[in-house]
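First the structure, in the form of structure tokens, and then the observations on it.
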Amino acid sequence: SGLAKSEDGAVKVEKNLKAVGADNIFVVGDLTDLPELKLGALAAKHSVIAAKNIAALIKNPGARLKKYKPSSPIGLIPVGRKKGAVKLPFGHPNFLITLKQHDLFVSRFLHI
């Protein structure tokens, strides 16, 4: 496509998640060139901002759009019931692995 891309092939996005140089294309999830980990939870945050911006533009083509602030690097990887790895900018709270192991945070996205 004609969208601007980074060296690794990700679509370059503005702070409001619009594709750079595009008037009506929003990009979310792993496709973005945002400087953050590619995680489903972050893609969900992208989609909320993009949806609000699309709705705002439908109501008013000149609307001021919400900006997305990339998250600090985080990662929660459960390995079995009692082990796992955590990457957070402020330490290694192991209780988070236990929280995620409960249902892998799937319940957060079943309300759709």
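Residues take their numbers from the sequence shown, with the count starting at 1.
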Full working for side chain to side chain contact (heavy atoms under 4.5 Å, CB included) between Leu3 and Ile25: CA-CA 9 Å; Leu3 299 176; Ile25 299 173; 4.0 Å; yes
Quick check: are there more than 12 heavy atoms from other residues, nucleotides or ligands sitting under 6.0 Å from NZ of Lys67?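 Not buried by this count: 12 neighbours or fewer within 6.0 Å.
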From [atom1] ([X]) to [atom2] ([Y]), nearest 0.5 Å:
X     : Y     : atom1 : atom2 : answer
Leu17 : Lys45 : CG    : NZ    : 12.5 Å
Asn53 : Arg64 : CG    : CZ    : 11.5 Å
Ile54 : Leu65 : CD1   : CG    : 10.0 Å
Asn24 : Ile58 : CG    : CD1   : 11.0 Å
Asp30 : Leu42 : CG    : CG    : 9.5 Å

Decide yes or no for [X] and [Y]: does some side-chain heavy atom of the first lie under 4.5 Å from some side-chain heavy atom of the second?
X     : Y     : value
Asn16 : Lys66 : no
Tyr68 : Glu36 : yes
Phe26 : Thr32 : no
His46 : Leu34 : yes

Atom of Ala63, atom of Ala56 and distance for their closest heavy-atom approach: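 Closest heavy-atom pair between Ala63 and Ala56: CB-O, 3.6 Å.
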Closest heavy-atom pair and its distance - Ala43, Gly29: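 For Ala43 and Gly29, the tightest heavy-atom pair comes out as CB-CA, 3.6 Å.
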Run the side chain to side chain contact (heavy atoms under 4.5 Å, CB included) check on Val13 and Asp33 step by step: do they pass? CA-CA 7 Å; Val13 295; Asp33 71 334; 3.5 Å; yes
